[in-house]
Amino acid sequence: VKMTKRKLLASALEPSPPAAEVTAETETSTEITSQTSEENTVDPAAFLDYICPTNIGIAINDRDGFFEWYDDDTAQHALKANNSEFEGFLDEEYGSWGITPNERKALNANWIHWYGDHLLHSESRTIYESACGTGLTLFTIIQLLYEQYNITGIEAFGNDYIARDVVTANRYYDWAVGHYPELDLRKGRICRGDSTNLTSFVPTNAFDIVMTGYIDPIDDPLHLGISDDQKHRQWCKSKNETKQALMKEEQEEMNGWFALWASQMISLVKPGGIVIIESISKPRCEVGDWGGVSKEWWAQAIREYEWDTQLGIDPASLDIIDFDPPTHYNGLQDRYNVKMTKRKLLASALEPSPPAAEVTAETETSTEITSQTSEENTVDPAAFLDYICPTNIGIAINDRDGFFEWYDDDTAQHALKANNSEFEGFLDEEYGSWGITPNERKALNANWIHWYGDHLLHSESRTIYESACGTGLTLFIIIQLLYEQ
């Protein structure tokens, strides 16, 4: 099968017209020419009408009954949602916070300017909440935006791992649309999904604001059997070198987990948009709690995980505000919030990238002229290809009952030779449990190599990504055919 993705509209960064105008425009344009935007391009706003996944894998932090912590509040809200009893939701404890949404709302008022100041200058008003639970945290933010900024028309999107919370969130927003007409609220997609794997189904570079009310940590990431707070404190305070080293390693695992989660959020936000992460706990050895990262870690992470060069985060945009300065709520003390801004795209985003030497010369010149350079406020999309491979991935949906053992023999054979750099003859040996060699597969691929060749002859760049690449030999023979033919 081959499919072609339409090119983006030239007006991709302009606000989307009302649906009635879109329909009228489309009906007119099809009468004029076959080279219409309807046939060859697509409005990026249409990407937001995406499909929720029917199945998701097991999250990395879904172990040892971790999510049972939420059971009581989840069950209470699900029962009321089933009966459409939403009155009073904002005055009942939720999400195992130990506070109500209205109490949380009073806290959010301390940093609502992050949201309001951005949306006042935004052409669209989309907010995506990662790990939205029942959706009540984002809803109180939407209320604050109306009350303090007179901002309405927010379109709310989100995901949560707990299935019953996703059902409750969808039902609540369906109800709230009619019961809070002053908000002009729109409900987008609210899906069941893993917050460390959002880009598998949610459009990237699509939302004005991407936020989360909390990043769930990994409980006992090294499987040391010290989930209990008292045991963990003993290890943190221990002078034993082995225990000290393990606590350091545990924190490094936690850092990587937060980086994975935050990277997904950054990928979803539009160029020029903002990422907000609320209620971040400090490292467990410092404050107890469930575990988190230090305030200082975020500036280091922007560099270490190359969020600036790869994902477009402006390091100067990093802002941090304490979550609950007066510590009204004991369980939430020592937490804080983070905001980051993604640079806007270069105006030349759709033009071919100049040679590296020209880029260097241009950058050196531009930084001498003005502080408002494209280097500081924009990012070349080509830089996105220098991404980082994840350190951990979840369990795939089809990884069960020894399914992947089918590949063991060929995998072991090729791994052994690769370890010894014995690559001669690879193309004439059976591979990937196909029962054929790469060269025999190459003879088959020759029948549809025109799909690849005809496209690349008219492409300004020549990048090919192979999903489930195995040992990479299938793509390699395609590359050979592209050269030969």
May I ask you to test the Met247-Leu224 pair for a side-chain heavy-atom distance under 4.5 Å? yes

Counting only N and O atoms by type, is there a donor-acceptor contact under 3.5 Å from the side chain of Asp401 to the main-chain atoms of Phe403? no

Gap separating the OH atom of Tyr452 from the NZ atom of Lys2, nearest 0.5 angstrom: 11.0 Å

Is it the case that the side chains of Ser279 and Arg335 hold a donor-acceptor pair, with the cut-off being a distance below 3.5 Å and no angle test? yes

Do any N or O atoms from the side chain of Tyr172 and from the backbone of Phe139 form a donor-acceptor pair under 3.5 angstrom? no

Are the side chains of Val202 and Tyr128 in contact, using a 4.5 Å heavy-atom criterion? yes

Donor-acceptor pair, Asn420 side chain versus Glu422 backbone, under 3.5 Å? no

Run Leu48 and Thr126 through side chain to side chain contact (heavy atoms under 4.5 Å, CB included) and show every step you take. CA-CA 10 Å; Leu48 297 184; Thr126 54; 4.0 Å; yes

Does Ile58 have more than 12 heavy atoms from other residues, nucleotides or ligands lying within 6.0 Å of its CD1? no

Indicate the ring-plane relationship of Phe207 and Tyr50, choosing parallel, tilted or perpendicular according to the 30° and 60° boundaries. perpendicular

Asp160 vs Arg192, test: side chain to side chain contact (heavy atoms under 4.5 Å, CB included). Steps then yes/no. CA-CA 5 Å; Asp160 199 79; Arg192 181 169 187 247; over 6 Å; no

Is the shortest side-chain N to carboxylate O distance from Glu250 to Arg284 below 4.0 Å? no

Go through Gln251 and Val293 one step at a time and tell me if the side chain to side chain contact (heavy atoms under 4.5 Å, CB included) criterion holds. CA-CA 8 Å; Gln251 185 55 47; Val293 296; 4.1 Å; yes

Say whether Asn240 and Ser238, considering side chains only, have a donor N or O and an acceptor N or O under 3.5 Å apart. no

Validation row: Leu246, Leu222 side chains within 4.5 angstrom (heavy atoms): yes

Would a distance-only check, ignoring hydrogens and angles, find a side-chain to backbone donor-acceptor pair under 3.5 Å from Thr437 to Glu440? yes

Quick one: pull up CD in Glu241 and NZ in Lys243 and give me the separation to the nearest 0.5 Å. 13.0 Å

Stepwise, does the side chain to side chain contact (heavy atoms under 4.5 Å, CB included) test hold for Tyr305 with Phe258? CA-CA 11 Å; Tyr305 299 99; Phe258 269 66; over 6 Å; no

Validation row: Asn445, Ile477 side chains within 4.5 angstrom (heavy atoms): yes

Minimum-distance pair of heavy atoms, taken over all atoms of His77 and Leu136: NE2-CD1, 4.1 Å

Side chains of Thr199 and Thr204: donor-acceptor distance under 3.5 Å anywhere? no

Give the minimum heavy-atom separation between Ser263 and Ala259, together with the two atoms involved. OG-O, 2.6 Å

Of all the heavy-atom pairs spanning Ala262 and Ile277, show the shortest one and how long it is. CB-CD1, 4.1 Å

For residues Asp208 and Arg125, report the shortest heavy-atom separation together with the two atoms involved. OD2-N, 3.3 Å

When you look at CG of Leu444, are more than 12 heavy atoms from neighbouring residues, nucleotides or ligands closer to it than 6.0 Å? yes

Taken to the nearest 0.5 Å, the spacing of Arg303 CZ from Ile313 CD1 works out to 14.5 Å

When you check the side-chain N and O atoms of Thr474 and Lys442, is any donor under 3.5 Å from an acceptor? no

Would a 4.5 Å heavy-atom cut-off, applied to side chains only, mark Ser130 and Trp261 as touching? yes

Minimum side-chain heavy-atom gap Pro315-Trp307 below 4.5 Å: no

Test Gln244 against Lys239 for side chain to side chain donor-acceptor pair (under 3.5 Å), laying out the working first. CA-CA 7 Å; Gln244 288 180 355; Lys239 295 182 179 179; over 6 Å; no

Is atom CD of Glu484 surrounded by more than 12 heavy atoms (other residues, nucleotides or ligands) closer than 6.0 Å? yes

Considering all heavy atoms, the nearest Lys270-Ser124 contact: NZ-OG, 2.6 Å

Gln264 side chain to Leu198 main-chain N or O, any donor-acceptor pair under 3.5 Å? yes

Glu278 CD to Ile321 CD1 distance, which is reported to the nearest 0.5 Å: 10.0 Å

Quick one: do Thr74 and Asp165 satisfy side chain to side chain donor-acceptor pair (under 3.5 Å)? Show the steps, please. CA-CA 6 Å; Thr74 292; Asp165 279 348; 3.3 Å; yes

Take a 6.0 Å sphere around CD1 of Ile479 and say whether it holds more than 12 heavy atoms from other residues, nucleotides or ligands. yes

Could you tell me which non-hydrogen atom of Asp220 sits nearest to which non-hydrogen atom of Gly225, and how far apart they are? OD2-N, 2.8 Å

Do Phe157 and Ile127 have side chains that get closer than 4.5 Å, going by heavy atoms? no

Looking only at the side chains, is there a donor atom on one of Trp257 and Asn61 sitting less than 3.5 Å from an acceptor on the other? no

Should we say atom NE2 of His450 is surrounded by more than 12 heavy atoms from elsewhere, each under 6.0 Å from it? yes

Heavy-atom count around Gln485 CD within 6.0 Å, excluding the residue itself: above 12? yes

Checking Tyr214 against Ser281: is there a side-chain donor and acceptor pair closer than 3.5 Å? no

Please tell me if the side chains of Ser267 and Leu311 come closer than 4.5 Å, counting only heavy atoms from C-beta onward. yes

Aromatic plane relationship, Phe423 with Phe426 - under 30° parallel, 30 to 60° tilted, over 60° perpendicular: perpendicular

Is the side chain of Asn197 donor-acceptor paired with the backbone N or O of Gly193 at a distance under 3.5 Å, no angle test? no

Is Lys187 paired with Glu155 through a side-chain N to carboxylate O contact shorter than 4.0 Å? no

With no hydrogens and no angle check, do the side chains of Arg189 and Asn159 hold a donor and an acceptor under 3.5 Å apart? no

Between Lys339 and Ile274 (side chain of the first, backbone of the second, donor and acceptor by atom type, cut-off under 3.5 Å), is there such a pair? no

Pair Asp62-Tyr161, side chain to side chain donor-acceptor pair (under 3.5 Å): steps then yes or no: CA-CA 9 Å; Asp62 183 3; Tyr161 186 71; 2.6 Å; yes

Decide if atom CH2 of Trp451 counts as having more than 12 heavy atoms of other residues, nucleotides or ligands within a radius under 6.0 Å. yes

NZ of Lys295 to CD1 of Ile280, rounded to nearest 0.5 Å, is 10.0 Å

Report the distance from atom CD1 of Ile276 to atom NE2 of His118, rounding to the nearest 0.5 Å. 8.5 Å

